Amino acid sequence: MTDRSAAETTGPDQFIGATPDNALRNAERADAGPVLAADGTPLKKSLNRALRLSKLRALMLIAPLLIFVVVTFIAPIADMLFRSVENNIVADTLPRTIAALDDWDETTGNPPDNATFEALYKDMYRAVEAKAHTRLGSRLNYELTGMSSLFRKSGRKVEDMGEVFQDQFEDLDGFWKDGENWNALMGTDSWLAAMEGWDTSDKKGQPPFEMRDGLAAMLPQTATAFQDYAQFIQRVDEKNLARQDPWALVYSALYNDLTSGADVSGYTGPAVAELQAAAAAVDGFETVDYRAAFVDIDEDWADPEVWKTVRLYGPNLTNGYFLNAVDMQKTPQGVEMRPENQQIYITLFWRTLVMSLAITGMCILLGYPVAWLLANLPARSANLLMILVLLPFWTSLLVRTSAWKVMLQQQGVVNDTLVWYHSTAVGKILDPVVTLLMNVVIGALNAVVWIWNLLSGIWGAVDVELFTYAALGFERLALINNVTGTIIAMTHILLPFMILPLYSVMATIPPVYLRAAKSMGATNWTAFWRVYFPQSVPGIGAGSILVFILAIGYYITPEIVGGTKGVFISNRIAYHISSSLNWGLAAALGSILLAAVLLLYWAYDRIVGIDNVKLGG
Amino acid sequence: MLDNQPNDGFVVFDRVQKSYDGETLVVKDLNLSIGKGEFLTMLGPSGSGKTTCLMMLAGFETATHGDILLDGNPINNISPHKRGIGMVFQNYALFPHMTIAENLSFPLEVRNMGKAEREEKVKRALDMVQMGEFGGRRPAQLSGGQQQRVALSRALVFEPDLVLMDEPLGALDKQLREHMQFEIKAIADNLGITVVYVTHDQTEALTMSDRVAVFEDGRIQQLAPPDQLYEEPQNSFVAQFIGENNTLEGTIQEIKDGIALVKLDDGSLIDAKPINVDKAGDRTQISIRPERVEINPDLGASAHTLKAEVLEFIYMGDVFRTRLRVAGNDNFIVKTRNRADQQRLEPGTQVDIGWLPQDCRALDA
Ligand SMILES: Nc1ncnc2c1ncn2[C@@H]1O[C@H](COP(=O)(O)OP(=O)(O)OP(=O)(O)O)[C@@H](O)[C@H]1O
Ligand SMILES: [Mg+2]
């Protein structure tokens, strides 16, 4: 035997020269003080410089893919995250109303003052012209039922509301009837000339309206209203402004300006006479009580709750969707839980989580032996088995799921077989035994679930359906349209996603390890458990993450075989996306799901270590 | 049972046959008796059945026919953890998910040994291969040679009576391999364990072993101590396989006084020692080691010599290597020591060559 010093020089670890090991050793030593490159710059710096170029080149190569990923993957997620808090529609549609509501003291129990209703009239008038009021109604309907019909109904009538003023102005002087006269009053001379010269067959070429100088100072409300009107006609409707008559809104604005002391005496522009005549006459005009008019359309407008809701959802960003997604609601008194009978999402989230875990667990149990066989059978049989594993991928998901429906339904294959079995002699003898055992198992499982519920703060009966043999077990089992159905079908569908990573990891574990363990005196079980299993854990990790993440977002299968008790949160998301069109809520639910998955991923990384996940090799 | 066991028969292969596929025999009629404390090497070309024999001994394969006895008991009757066989695998098979110390303590754990005792033994086993400081590392953090040492100490840590090694040095470079050969041999001698060692490197076999079993095609061609194997190969396969060797083909002319007169295929005559030829007229392959050939020999009048032409002269430092054409064989090598008066032969020179009859063996053709 050599002594230590001999090993020092000839040992496997101790070659002198530029071996990779020595390079590492040098790098370690570099911590003590910077190693310098030949030209005197610190080695690290010149290494970085050398690497940067190759990194840049590599980046260029992947750039198209990177852009693709960002556009198709990151951007939709970002959009979804944004939608879950975005709430521009109220502030965009009812800006004046929201502003006016600032002064309203909701604690009085009275609806807001007349000015707020007038602001509502102005906002609504514009919204109706732009047909935005129904969308607003739908949005607010998520928060308070009845809002949708309220807005639709009001939309139809709000146009008539200001006609009182229009009629009075027109009665006063026919001049006010005509859109041309209005244009001449409000527009600049150059714009009017441009309108003259405009070839109307060129639809897009209409000269944009320009406000006459000084008008905005003299008749501020009229100017704003007319500007809105002109812009809407020209840009949105794309009609000839010269052929249109102003909105009723413009007349009420003019009335407001004139009654609130607009000084038209110094005015010298066009239609001086008409304007001054109108100014003199307005004091005698009949006015409109907007509040009464709105309440007349629908008395809900007198209900402070409606106004509270409008004010609550005034800001551009809202946490309302998120609160909704966790069964809470925003009330003027603050955030509170929804009434018991409206709570669904937390249960759904919880169910999704527990069932996904159950499915993952089932997949591990069923997939592990299959993967082991795949990795250890002779090539021919292994290939055949692999084809069987992959076979499901060649059939449509819908077909597979529907097949389970055929298998599991009340009059399905499984139940028919069971009924037949119960009628045989073997069944008659074994049934009581099985029933007893089943009941013990069911009892134990129920107890576990009950305790689990208790620990997570849910008190009460257990909501888990297990096999139940009635009396002696001749009843057909409820295997579908419930939790059982979802778990069975999803386990089957997701099983390959467990088997494949497991297999690819197991295939890299040489059988020699098991032999080595046995040669050292380990029994078969010890060799498996201490040597083989730990090396296959990365495969379990990868498979579990894959299956769990797929399961948590699955919705087709639960939709078909889950009934009401076996559906997932994703089914609600799909419903909100495609049926109720409450995308904000769908986005909030999706965001919570995403956060939950990321959280679990983080926890997994903490506990198992993400390095321990291998998809192969 | 073997009739004349040369030793106490600690491990006995008795007429063992093995077939994997039921068609071809991979091991054909293997008879072998290994004594306690012996270092026996199985040497042979690739595919000759060495690993198969080892695996049958370790119990990972079962013999198709015949018995394998370990200390007098058929191996199949001994449950694996009582066999007390340590094993070093070709690629070490260190468990990657365990540290070195955990790897070593594994065989002790499965024997339900107490923690203190385990640690003590692990430390001793690691110190034995000078790996004491590496206990906390993972196998992947060690160099090949270090892994090899760990594998060795893991096979020894539970104090087996028998250690099997399947080409344990195969993955190491030459320098390290020679060093490890020396260490393994020293440890085996120190501990007095029985070692069955598999290799296809003949130098390794010759330098380490007490006896070498030369395998070919599922049979032991010769089982002998290294010197005997080199000096007295029993057949032409062994002669070819071990060391450098010149062969010439011919027919036995006559056998007289323990010396065979061989007529080579070009008609010239030469003397040889008959080994497995018995009568005139047999085809034979005569075998002579390059260092036993003499150039322009002075062997006495009755001795036969051969005509040869120098084809190539290679200066190798301690020896000169001369390639000759002899009786139609262009690859006849002669090695001569580098002595001050040694003549360097130019290519094209005609020389006579000869040898002592006992240095040249007439073997099966
Ligand atoms: N599991 C197996 N199934 C079928 N044939 C096998 C198996 N293992 C080995 N063989 C065959 O048995 C013969 C002997 O193989 P073995 O591994 O014993 O050779 P070896 O002497 O160890 O060769 P090497 O020096 O290359 O390791 C070979 O022809 C090989 O192809
Ligand atoms: Mg081998």
Side-chain angles (χ1 to χ4, degrees), chain A residues 1-17 19-25 28 376 378 380 505-506 508-541 608-609 611-612 614 617, chain B residues 55 58-60 79-98 102-104 106-111 128-132 134 142-149 151 154-155 157-158 160 163-164 166 172-173 175-176 178-180 182-183 185-187 189-190:
Chain A
M1 188 161 297
T2 54
D3 61 16
R4 189 80 193 98
S5 65
E8 205 78 78
T9 46
T10 57
D13 200 25
Q14 306 293 336
F15 294 106
I16 301 161
T19 67
D21 273 0
N22 284 348
L24 285 178
R25 245 171 255 130
E28 253 167 50
N376 288 286
R380 268 170 68 93
V505 167
M506 284 180 177
T508 63
I509 306 176
V512 71
Y513 288 126
L514 277 182
R515 290 187 160 190
K518 283 188 215 160
S519 82
M520 285 183 270
T523 58
N524 281 338
W525 169 251
T526 316
F528 167 77
W529 182 244
R530 294 282 315 275
V531 174
Y532 195 86
F533 183 77
Q535 295 188 64
S536 67
V537 163
I540 297 184
V608 185
D611 312 343
N612 269 335
K614 267 204 275 184
Chain B
M55 288 300 159
F60 297 129
S79 59
H81 62 278
K82 287 192 184 134
R83 276 184 202 154
I85 300 180
M87 199 152 179
V88 181
F89 293 84
Q90 175 154 10
N91 292 316
Y92 319 135
L94 296 178
F95 304 141
H97 60 291
M98 299 184 188
E102 284 164 355
N103 261 283
L104 260 77
F106 180 80
L108 306 178
E109 272 172 53
V110 300
R111 285 175 170 72
M128 183 174 68
V129 291
Q130 293 128 32
M131 292 289 296
F134 296 94
L142 298 184
S143 72
Q146 291 171 329
Q147 292 186 32
Q148 207 285 329
R149 287 160 198 244
R154 188 178 67 172
V157 70
F158 59 99
V163 176
L164 313 181
D166 190 356
L172 305 185
D173 64 59
Q175 201 183 347
L176 191 56
E178 279 163 9
H179 179 76
M180 288 305 300
F182 175 70
E183 282 202 8
K185 178 67 176 159
I187 290 173
D189 286 350
N190 276 350

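In what follows, every heavy atom counts, from backbone to side chain, and hydrogens, waters and symmetry copies are set aside. A note on names: the letters A, B, ... follow the listed sequences, proteins ahead of strands, and every chain is numbered from 1. Because the structure is a prediction, the values reported are computed rather than measured.
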Heavy-atom proximity to chain A below 4.5 Å, by part of B:Leu94: backbone
Which atoms of B:Glu109 approach chain A - backbone, side chain, both or neither, heavy atom under 4.5 Å: side chain
Option in B:Ala155, B:Gly86, B:Ala58, B:Pro96 with maximal non-hydrogen atom pairs under 4.5 Å from chain A: B:Pro96
Chain A contacts, top residue of B:Ala93, B:Pro160, B:Ala151, B:Gly59 (heavy-atom pairs, under 4.5 Å):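 Answer, by heavy-atom pair count under 4.5 Å with chain A: B:Ala93.
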Set of ring pair (Phe, Tyr, Trp, His ring centres under 6.0 Å) partners for B:Phe95, sequence neighbours left out: B:Phe106
How close do [X] and [Y] get, heavy atom to heavy atom, and via which atoms?
| X | Y | answer |
| --- | --- | --- |
| A:Val512 | B:Phe89 | CG2-CD2, 3.2 Å |
| B:His97 | A:Pro534 | CD2-CB, 3.3 Å |
| A:Arg530 | B:Met98 | O-CE, 3.5 Å |

Rounded distance (nearest 0.5 Å) linking atom CG of B:Leu104 with atom CE of A:Met520: 9.0 Å
Flag side-chain contact, heavy atom, 4.5 Å: A:Arg515 against B:Met87: no
